[in-house]
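Report on the following structure.
It should be emphasised that the depicted structure is a prediction, and the values quoted were computed from it without experimental measurement. Proteins get letters first, then strands, A, B, ... in listed order; numbering begins at 1 in each.
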Protein chains: 2
Amino acid sequence: MTGTRAKLITGTLAAIREHGIAGVSARSIAAAAGVNQALIFYHYGTVDELLAAACHASAIACVELYRDRFAGVRTLRELLDVGRELHEREKTDGNVTVLAQLMAGAQNDKKLAAPTAAALALWTDEIEGILRRLLHNSPLGDLADPAGLANAVSAAFIGLELYEGVDPHRAGSAFAALEQLAGLAEVVDDLGPIARRALRSRLRR
Amino acid sequence: MTGTRAKLITGTLAAIREHGIAGVSARSIAAAAGVNQALIFYHYGTVDELLAAACHASAIACVELYRDRFAGVRTLRELLDVGRELHEREKTDGNVTVLAQLMAGAQNDKKLAAPTAAALALWTDEIEGILRRLLHNSPLGDLADPAGLANAVSAAFIGLELYEGVDPHRAGSAFAALEQLAGLAEVVDDLGPIARRALRSRLRR
DNA sequence: GTCTATAGAGGGATAGAC
DNA sequence: GTCTATCCCTCTATAGAC
C-alpha cells in the first residue's frame with residue numbers, strides 16, 4: 001500500500017474521480033498520489049499505461065469486494081438491492097465513475113479500449129453468473145440469454161451513473177421505475193404451474 | 001449553414017466525435033470548423049459556452065429528425081426498431097456519442113451539467129410520450145411510470161453506445177438480449193382478458 | 001467580424017545528479 | 001528508485017491590426 005506503484009494506482013483513480021478523463025494528466029495524478037511526476041514515466045512509461053493498470057486494479061478490487069455479496073443473491077429483488085447498495089456507495093467510492101470515464105476516453109483513445117473492455121468483462125461475468133442462477137428456475141429461463149443480459153445490465157448501470165452526475169432527480173426516477181419493472185418480473189416468476197405452462201407455450205411462438 | 005457561428009457548432013460536434021471530450025480544444029474545434037481559432041472567443045466567450053451551444057443545437061436537430069418516426073410508434077416492437085435504426089445511424093451520425101461525451105465531461109465540469117441535462121431532457125420527454133401511449137392499453141399501464149422509464153431507457157442507450165465503442169461484440173449481444181426481453185413484454189401485452197385480470201390482481205399485491 | 005501574434009499556464013516526456 | 005530541471009509542445013484567452 002505504501003509502494004510507489006501502489007500510490008500511483010490509487011492516485012490515478014482519485015485523479016480520474018476528481019478531474020474526469022478530460023482532466024487527468026501526469027501532473028494531476030502525481031499530485032493526487034503525493035509522488036514525483038517523473039516516477040509515472042519511470043514505472044509505467046506513459047500515462048495511458050498507468051490508466052490501463054489503474055483500470056485493471058480498480059475492477060479487480062471492486063469485483064472482489066462484492067463477490068460474496070453477489071454469491072448470496074437468490075432473487076431478482078436481492079439483485080436490485082445489491083445494485084442500490086452499489087449505487088449508494090458510489091457517492092463515496094466511485095468505482096463505476098472511473099469505469100465510465102475510461103469508457104468515454106476509450107472511444108477516441110484506442111490504447112484504452114482493451115483494458116477498459118477487460119474491466120467491464122470482470123463485472124459482466126460476475127453478473128452473468130447471478131442471472132444464470134436467477135433464470136434457471138424461471139419460466140423465462142430458456143428464452144433469455146444470461147451473457148447478453150449481463151452486458152445490458154452493466155451498460156445500463158454505467159449510463160445511470162453518468163445520468164446521476166448530470167441530473168440526479170431524473171436518474172433517481174429511472175432507478176425507481178426499474179424497480180417497479182422488476183416487481184413485474186417477480187410476479188411472472190411466481191406464477192403457479194398452470195399459468196406457467198400457458199405463458200411458456202405463448203412464448204414459444 | 002455558412003455563417004461562422006454555424007460552422008463553429010458543426011465543427012464542435014465533429015471535434016467531439018473525433019477526439020472525445022478529453023481531446024476537444026479551441027484549436028481542434030477551429031480546425032474542424034475551418035475557421036480561425038480566435039473566433040471561438042469572439043462569438044462564444046469560452047470553449048465551455050460553445051460546447052453548451054453545440055450540445056443544445058445537436059439535441060434539437062436530432063430529436064426533430066426523429067419526431068415523425070417517434071410519432072408513428074404504436075408497439076414495443078416498433079420502438080425497438082427505431083432504437084436499432086438510431087443505433088445503426090450512430091456509426092455515421094454520432095449524435096448519441098456526442099451526448100455521452102458531454103455527460104462524461106459534465107461529471108467534473110459543472111458548467112456543462114445544465115446544458116447536457118437539458119439535451120437529455122429533450123430525448124426523454126419524447127420517449128416518455130411514446131411509452132405513455134404504449135402503456136395506455138397494457139395491463140402494466142398503471143404500474144409503470146412512463147417518465148422514470150423514459151429516463152432509464154435513455155440512460156441504458158447511452159451506456160450501450162459507450163459499450164459499443166469499447167467492446168462491440170458484447171454490446172451487440174446486449175442489444176439482442178433486450179430484444180428478446182421485449183418479446184416477453186409483448187406476450188404479456190397480448191394476453192386475453194381472463195389472464196389479464198389474473199395478472200393484474202397479482203400485481204396489485 | 002476576422003486575422004496575426006503572443007502571453008502565460010499546463011501538458012508529456014527525458015536527462016542526469018543523487 | 002527518486003529527485004530537479006528542462007525541452008518543447010499545446011492549451012485558453014487576449015491585444016491589436018485590418
What's the [atom1]-[atom2] distance between [X] and [N], to the nearest Å?
X: A:Leu51; N: C:dG12; atom1: CG; atom2: C1'; result: 13 Å
X: A:Ile40; N: C:dA13; atom1: CD1; atom2: P; result: 10 Å
X: B:Arg5; N: C:dT2; atom1: CZ; atom2: P; result: 10 Å
X: A:Leu39; N: D:dT2; atom1: CG; atom2: P; result: 5 Å
X: B:Ile29; N: D:dT10; atom1: CD1; atom2: P; result: 17 Å
X: B:His19; N: C:dG11; atom1: NE2; atom2: P; result: 19 Å
X: B:Leu8; N: C:dT2; atom1: CG; atom2: P; result: 9 Å

Start with the C-alpha gap between B:Arg84 and B:Glu179, add the side-chain angles, then the distance that decides, and say whether side-chain contact (heavy atoms from CB on, under 4.5 Å) holds. CA-CA 10 Å; B:Arg84 270 278 183 204; B:Glu179 292 191 347; 2.9 Å; yes

Identify, with sequence neighbours excluded, every residue that meets salt bridge (Lys or Arg N to Asp or Glu O under 4.0 Å) alongside A:Asp93.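 A:Asp93 satisfies salt bridge (Lys or Arg N to Asp or Glu O under 4.0 Å) with no residue once adjacent residues are dropped.
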
B/S/- contact track for nucleotides 13-18 of chain D, protein heavy atom under 4.0 Å: BB----

Under 4.0 Å from OP1 or OP2 of C:dG10: is there any side-chain N or O of A:Ser25 that close? no

Which atom pair, heavy atoms only, marks the closest approach of B:Ser154 to B:Ile127?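 Looking at all heavy atoms of both residues, the closest pair is OG-CD1, 3.5 Å.
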
Backbone N/O of A:Gly20 and side chain of B:Gln107: donor-acceptor pair under 3.5 Å: no

side-chain contact (heavy atoms from CB on, under 4.5 Å) between B:Val47 and B:Val24: does it pass, once the steps are laid out? CA-CA 9 Å; B:Val47 173; B:Val24 281; 5.7 Å; no

Option from B:Arg133, B:Arg67, B:Arg132, B:Arg69 for which salt bridge (Lys or Arg N to Asp or Glu O under 4.0 Å) with B:Glu126 holds: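 Of the listed options, the one satisfying the test is B:Arg67.
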
